[in-house]
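Everything below concerns the one structure shown next.
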Amino acid sequence: MARVIYWFRTDLRLHDSPALQAALDLKPDVLFPTWCFDPRYVYEQRVGPNRWKFLLESMSDTSAAITKVNPKSQLFVLRGHPTTILPALLRKWKISDIVWEKDDDPYTMERDKAVEKLAKDAGVKVHVVHGHTLYDAEAIEAKTKGKPYVSYGPFVKILEGLPQPPRPIDAPSSLPNPGPTDLADLKRSEHSVDTWKKNDNNAENRDGEDKIYASFTGPDGKFSVPTMEELGMAKATGIHPGGETEALKRLEAYMKDKEAIINFEKPKTNPGAFDPAATTVLSPYLKFGALSVRTFYWRLQDVVKGTKHTQPPVSLIGQCLWREFFHYNMRVTPNWHEIRGNPICKYIDWRLDDRYDDKGEPIPRSEWKLSDEEKEAEKVLEAWTHGQTGFPWIDAIMRQLKMHGWIHHLARHSVACFLTRGHAYISWVRGKEVFERWLIDHDPAMNTGNWMWLSASAFYSQWFRVYGMAYGSNWDKSGALIREFCPELNKLPDKYIYEPWKAPVSVLKEAGVTLGQTYPRPIFDDKAAKAETQAKMKNAYHVNIHGDHEAVLNGTAAKMLKEGAAAAGDGEESESKSPSKKRKPDSKGKDGLKQPKLKMK
DNA sequence: TTCGATGTTGCATAC
DNA sequence: CGTATGCAACATCGA
Ligand SMILES: Cc1cc2nc3c(=O)[nH]c(=O)nc-3n(C[C@H](O)[C@H](O)[C@H](O)COP(=O)(O)OP(=O)(O)OC[C@H]3O[C@@H](n4cnc5c(N)ncnc54)[C@H](O)[C@@H]3O)c2cc1C
């Protein structure tokens, strides 16, 4: 007789859940829909108020949906780390089977492996079911031999050689009762979260005390979904509510305009549109699994079938495949989230790049001694983060990100390019961390992958193409996005809305703008910053080494790039006389002399 | 092995 | 308003 825990994670829905269906196929006597409030996300991973709220709403919606199907059931939310909580539940609830949907980022893979071992050791059957993506990465890997695919076209060809993703399945019409849930003698000392708490990156998002781990089953003891107050989180300011109900409602609304779907061309959509946005804004729902990607994909297929429609990569189905692209590459790339040890990531001597000791351990940022140049870079990073650079297009986007948690893809391009390859020459890892905090759709595959793209570290190498300060004016000359998110500039005429520093004093005065007071002066001369950064990019590309190169592993890569620049500056003409000759990377160190500590897959 | 076509999404200028 | 061209220039893929 099966007694089953269904462990909900980034699959907060009842429609089209192959993993949940697998749990139901066990014909359980009792089914416990369970959630573990993992301290990793409370402390270590950067999660701002908007994404917390989105998650809590998604959990509440799922819990309500469960209760609607079976009034005796709900989402049972436990506060603690899955590797301690779940084994305790397996014992206390006399579980025979535990089921969850497969996840693919480095942290969850390691965590889930640990849970799997603990469960198996306790004699519990473990069922891990694919469902978050269209294609099971393992099926793709079987065709690719696990090699990263840095180009979209060949990757899509591989997908086309696999069976088409299945049509979605319906939400269950019944759910088994849960069993008794008594957990009276759980002790926090056996479920400590202290080591996580020591590495807290989220203090800046709280305005109250975090009390989430004061209990296991919530203040009311009813396994309820936590509140923002329990997390001590500051007030959310977003406009996109979480949950499966909302996801399906938005999907339905989007599907009404068939022409828009048939003619969708991503690069032509307006990054400055926000009410409504020019793309679907389904990303946060896909991230938390409130919307099944198969449901989305098949709705799109059914609309475009038999029409003359746009194609991948620019079509909407093409967008779904970009999601597959980054999920796959994350899975097969060691050290995906870092530069050091990452074989697909070009080494570029960014400002504020992470530092490592000679054992290869990261040096905490609080211990860094910054050069004057890096102090300057920190100021730029801070201004960028909070939308105070003095470049309205950049600032409006960053403020929209912080306030609403969703920005258009090309808006992400604009600000990511600015911070890295375009102007500020700051490490993409820093930008990635800011997005991690503020995005409601943050996803470790897509965020890191796209940051590597935008910084021309991987997937994309045309570093000399740079988005300008008036990029948004390609769609909207009057700068509606700026007027919305930088209201202090709202009275400026269209002519100067993107570049107020070019406006005559009289125009500024008329608009009530005083640069340096009501709105920042540009943090640097954009033309000069771009020229400087482009020269450095050129040099890094000339040296051409990647994160797995010996010089990166032993910490001498920055010096190597400086020497490269010095050699080029010394009037060494040989390279420039044969400009089309590609320089092969120095392959030393690929299979390592002595290499400091490095996580290897 | 070599080489040319291609690559979601640059900009400024010309017509 | 659109589209074409030059600008300086890279890596990957496949014929
Ligand atoms: C620097 C940077 C960071 C990003 N970080 C994230 C992130 O953390 N989470 C995230 O979901 N997307 C991220 N993206 C990708 C993309 O910008 C968003 O997925 C998209 O803007 C979401 O809006 P939408 O749902 O309206 O997209 P639509 O255009 O409507 O596309 C539909 C769906 O396709 C998928 N998709 C679209 N574009 C991409 C892409 N480039 N890569 C992968 N999947 C894609 C998304 O799931 C999206 O919801 C990032 C892009 C950049 C440039």
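Reckoned from all heavy atoms, side chains included, excluding hydrogens, waters and symmetry mates. A, B, ... follow the sequence lines: proteins, then strands. Residue 1 opens every chain.
Distances shorter than 4.0 Å separate some side-chain N or O of A/Lys538 from OP1 or OP2 on C/dA9. Close to B/dC11, at under 4.0 Å from its OP1 or OP2, lies a side-chain N or O of A/Asn474. Contact between the side-chain N/O atoms of A/Lys346 and the OP1/OP2 oxygens of C/dC10 is not found at any separation under 4.0 Å.
Judged purely by atom type and a 3.5 angstrom limit, A/Arg483 uses its side chain to pair as donor or acceptor with the backbone of A/Leu492.
The separation between A/Ile348 atom CD1 and C/dA11 atom C1' is 13 Å, rounded to whole Å. Rounding to whole angstrom units, CG of residue A/Asp526 and C1' of B/dG10 are separated by 14 Å. One atom, CH2 of A/Trp463, and another, C1' of C/dA8, lie 8 Å apart when rounded to the nearest Å. As rounded to whole Å, 18 Å separates atom P of C/dC7 from atom CD of A/Gln534. In this structure, A/Tyr152 atom OH and B/dG7 atom C1' are separated by 13 Å, rounded to whole Å. Between A/Gln462 atom CD and B/dA5 atom P the separation is 16 Å, expressed in whole Å. As rounded to whole Å, 11 Å separates atom P of B/dG7 from atom CH2 of A/Trp453. Atom P of nucleotide B/dT8 and atom CZ of A/Phe325 are separated by 8 Å, given to the nearest angstrom.
The residue A/Trp475 sits apart from the nucleic acid: no heavy atom pair falls under 4.0 Å. Across all strands shown, A/Gln319 has heavy atoms under 4.0 Å from base atoms, whether or not it also approaches the sugar-phosphate.
If you check the side chains of A/Tyr467 and A/His413, you find a donor sitting under 3.5 Å from an acceptor.
The gap from the P atom of C/dT5 to that of B/dT8 amounts to 22 Å, rounded to the nearest Å. If you take atom C1' in C/dA9 and the same atom in B/dG7, they sit 13 Å apart, rounded to whole Å. On the P atoms, C/dG6 is 16 Å away from B/dA5, given to the nearest whole Å.
If you check C/dA11, B/dG10, B/dT8 against the side chain of A/His409, the one that comes closest is B/dT8. You'll find that the side chain of A/Val150 is closest to C/dC13, out of C/dC13, B/dT8, C/dA11. Proximity note for A/Ser461 (side chain, C-beta onward) versus B/dG7, C/dT12, B/dG10: the nearest is B/dG7. Comparing C/dC13, B/dT8, C/dA11 by their closest approach to the side chain of A/Lys266 singles out B/dT8. Of all nucleotides listed (C/dA11, C/dT12, B/dT8), C/dT12 comes nearest to the side chain of A/Ser151. Distance from the side chain of A/Tyr467 is smallest to B/dC11 among C/dC10, C/dC13, B/dC11. With C/dA11, C/dC13, B/dT9 as the candidates, the nucleotide lying closest to the side chain of A/His413 is B/dT9. When the nucleotides B/dT9, C/dT12, B/dT8 are ranked by their closest atom to the side chain of A/Leu410, B/dT9 comes out on top.
Nearest heavy-atom pair, A/Cys320 versus A/Leu300, reported as atom, atom and distance to 0.1 Å: SG-CD1, 4.2 Å. Residues A/His386 and A/Lys402 approach most closely at CD2-NZ, 2.8 Å, considering heavy atoms. Heavy-atom minimum distance, A/Asn447 versus A/Lys432: ND2-O, 3.1 Å.
Stacking between A/Trp322 and B/dT8 is shown: the ring centroid lies under 5.5 Å from the centre of the six-membered base ring, and the planes differ by under 30°.
Below 30°, between 30° and 60°, or above 60°: for A/Trp350 and A/Tyr425 the angle between ring planes is between 30° and 60°, a tilted geometry.
Both the sub-6.0 Å distance and the 45° axial angle are not jointly satisfied by A/Arg250 relative to the ring of A/Tyr285. Both tests do not hold together for A/Lys157 against A/Phe155: distance to the six-membered ring centre under 6.0 Å, angle to the ring axis within 45°. A/Lys538 forms no cation-pi arrangement with A/Phe464, by the criterion of a distance under 6.0 Å to the ring centre and an angle within 45° of the ring axis.
With pairs defined as Watson-Crick or G-U wobble and both atom distances under 3.5 Å, the stems of at least three pairs that touch DNA chain B come out as B:2-7 with C:10-15, B:10-15 with C:2-7.
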